[in-house]
Amino acid sequence: MSDFGPLKLHVPEPVGRPGDEPDFSYIDIPEAGSVRMPAVDADAKDMRDLAYTMIRVLDDNGEPVGDWAKYVDDEMAMKGLRDMLKVRAFDARMFMSQRQGKTSFYIQCTGEEAIACAHQMALEKGDMNFPTYRQQGLLISQDFPMVDMMCQIFSNEKDMLKGRQLPIMYTSKEYGFFSISGNLGTQYIQAVGWAMASAIKGDTKIASGWIGDGSTAESDFHASLVFASVYKAPVILNVVNNQWAISSFQGIAGGQQSTFASRGHGFGIPSLRVDGNDYFAVYAASRWAAERARRNLGPTLIEWVTYRAGGHSTSDDPSKYRPKGEAEAWPLGDPVERLKGYLVKKGLWSDERHEQMVAEIEQEVLDAAKEAESHGTLHSGPKPSTRDMFEGVFKEMPRHLREQRQKLGV
Ligand SMILES: Cc1ncc(C[n+]2csc(CCOP(=O)(O)OP(=O)(O)O)c2C)c(N)n1
């Protein structure tokens, strides 16, 4: 007989389910400004604490405080506000287009707008992002034409991918936006490889890889950290912890045992944990990591703490698995409201001007949607040519594909 009782499998459960009150007591939130900024060439071992706390710049009164507030800039704040509002309006319009049957699918990033928008500001032309499907802000903050994004979403005659990809899987080499793939995590290791190539060539460009909390459970995440660390690849390793992976809460991906930022330390990678709803904190941490990479000091892992305010996608209904009102109860607030609060407090902005800007942006998005729709939508108007279906499989079209195309008579 065993001296021990029967074993029991531990299966993490979220704090709340539908019908429960939202409860975020599991998240410790330090005061804004309380976390130090280490020197950019500091050793990973001398900043372990930064993986277990949270870098925050904007306090509850909309004041930027502490070491990480050194990059606060009013012009950037105005741009940030506009960019985030654009992303939000774009998401709302495309969500509606899906409900109207104009596209088969859409993914919003509501509540997470600050992360991609502010991060992009820390990058330079020629740097390459390896995004997931939830970083549309990387494109929108660079004024990538919204019409082109919409044409891809509608799979119409002007679709940049000629109808070959699921909506929202954009690509743009020119804007440093690597082609999105449906297979979670694959882009993370590719980001590291791209960064290694930049170093091998003696280039000055850096890469930025993106992954969600759920996808850190993929083995590609772990392989990425090994390669990034061993070769000191000039890469920023972003983990967007929005608390949910469809219906799985972050605890099931390992978030209950430790922070996602702390994963970096097992690999000797400097790691920061940052308030992802604080535009200034996102920018400052991104700048810090970008500078490390550019100075050839190697990778930085950053966990962005945020909350997925909307459903996972247009195919998802979060009321089936999480408490109602969680987004409103999220203790780090809304990124748009927080940045707006800063500008209002400084006397640079007002509710009236804000409303006016929202209306202008909605009109801009509506105009773009009308133009995109004139090139076709899912079930009406012009489509990409069926002939194009056979292009791009290989560099040169092999005989068997030419034969298949012939059989189709296109
Ligand atoms: C290899 C792989 N496994 C599963 C899926 C299905 N899938 C698509 S999104 C998703 C959840 C990802 O969650 P997370 O990484 O937290 O990112 P988030 O959607 O929250 O931004 C899953 C399981 C997939 N696309 N690829």
> List the atom of Pro30, the atom of Arg56, and the distance in Å for their closest heavy-atom pair.
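Minimum heavy-atom separation between Pro30 and Arg56: O-NH1, 3.0 Å.
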> So, Lys383 and Glu157, do they make that salt bridge, N to O below 4.0 Å?
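No.
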> Charged N to carboxylate O under 4.0 angstrom, Arg93 versus Glu364?
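A salt bridge is absent here (no side-chain N lies under 4.0 Å from a carboxylate O).
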> Is Lys86 salt-bridged to Asp143, cutoff N-O under 4.0 Å?
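Result for this pair is yes, salt bridge flagged.
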> Before accepting this row, confirm whether a basic side-chain N of the pair Glu362/Arg88 lies closer than 4.0 Å to the acidic partner's carboxylate O.
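Salt bridge absent between Glu362 and Arg88.
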> Taking the side chain as every heavy atom from C-beta outward, state whether Glu303 and Thr259 have any atom pair closer than 4.5 Å.
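Side-chain contact under 4.5 Å: yes.
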> Please determine if Lys79 and Glu75 form a salt bridge, counting it only when a charged side-chain N lies under 4.0 Å from a carboxylate O.
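So Lys79 does not pair with Glu75 through a salt bridge.
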> Quick one: do Arg134 and Asp91 make a salt bridge, cutoff under 4.0 Å?
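The answer is no: the pair does not qualify as a salt bridge.
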> Looking only at atom types and distance, does a side-chain atom of Asp59 sit under 3.5 Å from a main-chain N or O of Gly62, one as donor and one as acceptor?
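Looks like yes, one N/O pair under 3.5 Å.
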> Does atom CZ (Phe390) have a neighbourhood of more than 12 heavy atoms from anything else shown, all under 6.0 Å?
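Atom CZ in Phe390 is packed in, count exceeds 12.
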> Does a side-chain N-to-carboxylate-O contact under 4.0 Å join Arg36 and Asp49?
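Looking at Arg36 and Asp49, the cut-off is met.
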> Do the side chain of Gln136 and the main chain of Ile107 share a donor and acceptor less than 3.5 angstrom apart?
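Indeed, once roles are kept as given, a pair shorter than 3.5 Å links the two residues.
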> Any salt bridge linking Arg295 with Asp41? Criterion: basic side-chain nitrogen under 4.0 Å from a carboxylate oxygen.
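Asp41 and Arg295: not salt-bridged.
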> Are a donor atom and an acceptor atom from the side chains of Thr306 and Asn277 found within less than 3.5 Å of each other?
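Yes, a side-chain donor-acceptor pair sits under 3.5 Å.
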> Between the side chains of Asp317 and Lys320, is the shortest nitrogen-to-carboxylate-oxygen separation below 4.0 Å, so that they form an ion pair?
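Yes, this pair counts.
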> On the 0 to 90° scale, with breaks at 30° and 60°, tag the His119-Trp210 ring pair as parallel, tilted or perpendicular.
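Rings of His119 and Trp210: perpendicular, over 60°.
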> Residues in side chain to side chain contact (heavy atoms under 4.5 Å, CB included) with Lys173, at least two apart?
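Lys173 satisfies side chain to side chain contact (heavy atoms under 4.5 Å, CB included) with Met128 once adjacent residues are dropped.
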> State plainly whether the residues Arg308 and Glu112 are in salt-bridge range, i.e. N to O under 4.0 Å.
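No, no charged N to carboxylate O under 4.0 Å.
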> Using a strict cut-off of less than 4.0 Å between a Lys/Arg side-chain nitrogen and an Asp/Glu carboxylate oxygen, indicate whether Glu13 and Arg17 qualify as a salt bridge.
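Salt bridge present between Glu13 and Arg17.
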